[in-house]
Amino acid sequence: MIGQRRVRLWTFRSKLWPDWRGLGRDMAGRCVSGRALIAALLILLATVSGSTGPSSREIWGASRIPSQFSEEERVAIKEALKGAIQIPTVSFSHEESNTTALAEFGEYMRKVFPTVFHSSLIRHEVVGTYSHLLTVQGSDPSLQPYMLMAHFDVVPAPEEGWDVPPFSGLERDGFIHGRGTLDNKNSVMAILQALELLLIRNYSPRRSFFIALGHDEEVSGIKGAQKISALLQARGVRLAFLVDEGSFIMEDFLPNLKKPFAMISVAEKGALDLMLQVNMTPGHSSAPPKETSIGILSAAVSRLEQTPMPNMFGSGPLKQTLKLLSREFSFPTNILFGNLWLFQPIVSRLMERNHITNALVRTTTALTIFNAGVKVNVIPPLAQATINFRIHPSQTVREVLELVKNIVADDRVQLHVLRSFEPLPVSPSDATAIGYQLLQQTIQSVFPEVNIVVPGICIANTDSRHYANLTNGIYLFNPVFLQPQGFSSIHGINEKISVRNYENQVKFIFELIQNADTYKEPVPHLHEL
Ligand SMILES: CCCCCCCC/C=C\CCCCCCCC(=O)N[C@@H](Cc1ccccc1)C(=O)O
Ligand SMILES: [Zn+2]
Ligand SMILES: [Zn+2]
């Protein structure tokens with residue numbers, strides 16, 4: 001039956017196909033002629049100004065510095081990242097990190113980016129012993145400052161399974177390999193590198209900005225980001241927006257979508273670490289009771305795993321994400337995504353099929369730690385399990401706890417909240433949202449091959465939540481192409497970044513900083529007044 005229906009759909013589709021293709025060509029034709037007109041105008045402009053093509057200086061303003069780097073600079077750019085990867089700045093736990101490496105990283109930044117650290121425009125402060133705050137003074141105090149963020153601690157990387165040692169920073173086949181190449185030394189280095197290159201070219205910003213580089217993001221951000229945030233708050237700083245890690249230019253994440261799309265996350269999930277504990281009377285294993293602490297706890301966690309939290313598709317920014325993406329899909333997905341008022345039930349089910357898209361539609365339940373028993377012939381008194389929930393932007397910690405209690409439904413299982421925080425409020429992505437618009441414009445100019453920019457949800461957590469008191473514009477975006485394999489390498493094995501990707505990240509930040517100086521607020525429409 002299903003097979004027959006599929007055949008019919010295919011026949012229907014192939015019947016329609018020539019028309020759809022024709023329509024596509026027609027539309028493409030129209031676009032091309034529009035583009036041709038713009039291109040002609042730009043060529044005319046270039047001819048008049050005596051250059052071969054429109055430079056970004058011509059598009060964005062007379063004082064613009066073009067993002068072109070010499071061969072020597074390009075070598076220095078990648079060598080600087082390799083050196084950063086070689087410093088094993090590992091965060092093992094809240095209590096334990098490689099503090100020698102964290103301190104060495106601070107020295108390394110000063111050595112590699114001397115212009116940044118000696119500039120009279122920049123105030124550098126070390127916060128929480130190892131984190132860094134740079135304040136870059138702009139010339140126009142009427143412009144609200146913004147902040148670029150990144151972290152340089154990394155998760156541990158045992159050598160097993162890696163093609164090259166994880167702290168070697170080796171270049172092979174056009175890629176720089178190692179822990180932190182995507183998460184998140186690439187951003188630390190790219191931000192400082194872009195600023196170094198701008199300052200060398202005598203750049204001085206109009207809009208002030210901060211650079212916040214955390215040293216403990218991988219274990220909480222409490223000693224780094226949280227302290228920087230408190231410091232800025234005490235100084236009365238309000239940020240127009242901030243940009244942090246958390247999303248990428250996605251490639252091959254959605255079936256049937258071959259073209260890359262840039263996802264700027266405007267929401268970040270909350271989290272709840274919950275410890276479940278069962279205490280029973282210990283005893284001899286030769287005469288076991290009907291139920292043991294291990295059995296009771298196992299049944300409880302199994303119920304939690306087998307009972308997913310509710311599908312929240314329909315609330316939050318995901319509907320908008322899919323609506324915007326619908327144009328990029330072919331039939332019939334374009335119709336499904338473009339008409340969610342009708343197809344929401346089907347699409348919400350489709351999203352559940354894959355573990356990454358599933359994480360976008362619900363609070364996830366991950367059983368991560370399980371402890372019980374010490375000896376084979378002893379019935380243990382205590383069994384403990386820790387569960388990591390990532391909370392959907394439309395739910396709260398309290399709601400998730402209530403659901404957990406109802407699913408566990410066993411008074412012998414005690415619940416202990418180890419840590420929790422609410423999802424971040426959704427940041428604006430409309431035409432007046434300066435952070436979103438700046439990122440979008442910069443993506444379009446640096447990555448012309450990326451047709452579409454969409455708002456999204458970050459399924460992991462970042463240091464940015466510590467700055468929610470300073471701005472309502474929190475944008476999570478790394479200007480780097482990422483495939484599902486690259487996603488698995490983050491906290492996994494064989495993390496790597498292509499030299500080309502990294503150079504483009506530097507270029508992107510070089511452009512973004514300049515765009516922030518020339519950004520013009522959109523003029524409100526009359527009917528909005
Ligand atoms: C329709 C669109 C489909 C697109 C799918 C999107 C796929 C997601 C792709 C990339 C997300 C990468 C996130 C990278 C950021 C990682 C940050 C991180 O690892 N944070 C830690 C912080 C933490 C939390 C709790 C305890 C300690 C540290 C984390 O979240 O685990
Ligand atoms: Zn990270
Ligand atoms: Zn991480």
Side-chain angles (χ1 to χ4, degrees), residues 1-35 247-267 308-362 364 392-394 426 429 440 443-444 447-459 481-487:
M1 186 64 189
I2 292 171
Q4 271 177 2
R5 229 185 271 152
R6 211 172 269 159
V7 170
R8 244 181 265 141
L9 184 67
W10 272 107
T11 326
F12 171 63
R13 191 179 165 180
S14 52
K15 271 191 193 146
L16 274 179
W17 192 240
D19 295 341
W20 281 85
R21 268 211 318 212
L23 185 65
R25 254 206 303 269
D26 209 38
M27 283 174 72
R30 255 181 270 148
C31 279
V32 167
S33 47
R35 282 205 196 115
S247 213
F248 293 87
I249 302 173
M250 308 289 181
E251 261 185 323
D252 296 331
F253 274 89
L254 294 169
N256 305 326
L257 183 59
K258 289 284 155 255
K259 288 189 217 156
F261 64 94
M263 195 165 103
I264 303 171
S265 284
V266 293
M309 293 286 148
N311 184 327
M312 307 299 287
F313 185 81
S315 50
L318 188 60
K319 263 173 100 169
Q320 177 69 357
T321 313
L322 297 188
K323 200 172 156 200
L324 289 171
L325 278 178
S326 66
R327 284 180 271 139
E328 298 297 302
F329 283 91
S330 53
F331 180 82
T333 315
N334 57 347
I335 302 295
L336 291 179
F337 285 9
N339 294 282
L340 290 172
W341 59 274
L342 181 60
F343 296 116
Q344 179 162 322
I346 302 175
V347 174
S348 84
R349 282 294 163 83
L350 285 176
M351 298 298 284
E352 290 180 329
R353 285 200 183 169
N354 163 292
H355 67 116
I356 296 177
T357 48
N358 179 55
L360 296 170
V361 298
R362 61 161 40 89
T364 50
H392 187 273
S394 306
V426 179
S429 55
Q440 178 162 15
I443 292 165
Q444 282 162 350
F447 303 104
E449 69 274 38
V450 175
N451 279 345
I452 188 134
V453 179
V454 294
I457 301 174
C458 179
I459 58 176
F481 285 77
L482 187 82
Q483 298 82 22
Q485 201 187 359
F487 174 64

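Residues take their numbers from the sequence shown, with the count starting at 1. The figures that follow rest on heavy atoms only: side chains count, while hydrogens, waters and symmetry mates do not. Nothing here was measured: the structure is a model prediction, and the numbers come from that model.
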Stepwise side chain to side chain contact (heavy atoms under 4.5 Å, CB included) check, Glu328 with Asn334: CA-CA 7 Å; Glu328 298 297 302; Asn334 57 347; over 6 Å; no

Which value, rounded to the nearest 0.5 Å, describes the distance between [X] atom [atom1] and [Y] atom [atom2]?
X      : Y      : atom1 : atom2 : result
Phe337 : Ile346 : CZ    : CD1   : 11.0 Å
Leu360 : Ser265 : CG    : OG    : 8.5 Å
Ile457 : Thr321 : CD1   : OG1   : 6.5 Å
Lys259 : Phe329 : NZ    : CZ    : 10.5 Å
Leu257 : Met250 : CG    : CE    : 11.5 Å
Asn339 : Leu336 : CG    : CG    : 8.5 Å

Salt bridge (charged side-chain N to carboxylate O under 4.0 Å, His left out) partners for Glu251, two or more places apart: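 So Glu251 forms no salt bridge (charged side-chain N to carboxylate O under 4.0 Å, His left out) with any residue.
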
Any residue meeting salt bridge (charged side-chain N to carboxylate O under 4.0 Å, His left out) with Arg349, in chain and number order, not counting sequence neighbours: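 By the salt bridge (charged side-chain N to carboxylate O under 4.0 Å, His left out) rule, Arg349 matches Glu352.
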
Stepwise side chain to side chain contact (heavy atoms under 4.5 Å, CB included) test for Leu318 and Phe313: CA-CA 7 Å; Leu318 188 60; Phe313 185 81; 3.5 Å; yes

Test log, rule side chain to side chain contact (heavy atoms under 4.5 Å, CB included), inputs Val361 and His392: CA-CA 7 Å; Val361 298; His392 187 273; 5.5 Å; no

Heavy-atom side-chain proximity of Leu254 to Phe261 below 4.5 angstrom: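 Yes; the side chains approach each other to less than 4.5 Å.
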
Side chain to side chain, Asp252 and Lys258, heavy atoms closer than 4.5 Å: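 Yes - at least one pair of side-chain heavy atoms lies under 4.5 Å apart.
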
Quick one: closest heavy-atom pair of [X] and [Y], and the distance?
X      : Y      : answer
Ile264 : Gln440 : CD1-N, 4.2 Å
Ile335 : Phe343 : O-CD1, 3.7 Å
Pro393 : Ala267 : CG-CB, 4.1 Å
Glu449 : Pro260 : O-CG, 4.4 Å

Short question: side chain of [X], backbone of [Y] - any donor-acceptor pair under 3.5 Å?
X      : Y      : value
Arg362 : Met309 : yes
Asn354 : Ile356 : yes
Thr357 : Arg353 : no
Ser429 : Pro455 : no

Partners meeting ring-ring contact (aromatic ring centres under 6.0 Å, His included) with Phe253 (sequence neighbours left out):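 So Phe253 forms no ring-ring contact (aromatic ring centres under 6.0 Å, His included) with any residue.
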
Leu322/Leu340 under side chain to side chain contact (heavy atoms under 4.5 Å, CB included): CA gap, chis, key distance, verdict: CA-CA 9 Å; Leu322 297 188; Leu340 290 172; 4.3 Å; yes

Aromatic centroids of Phe481 and Phe248 separated by under 6.0 Å: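 No, too far apart.
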
Gln485 atom CD, over 12 foreign heavy atoms within 6.0 Å: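 For Gln485, atom CD is not crowded (no more than 12 foreign heavy atoms under 6.0 Å).
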
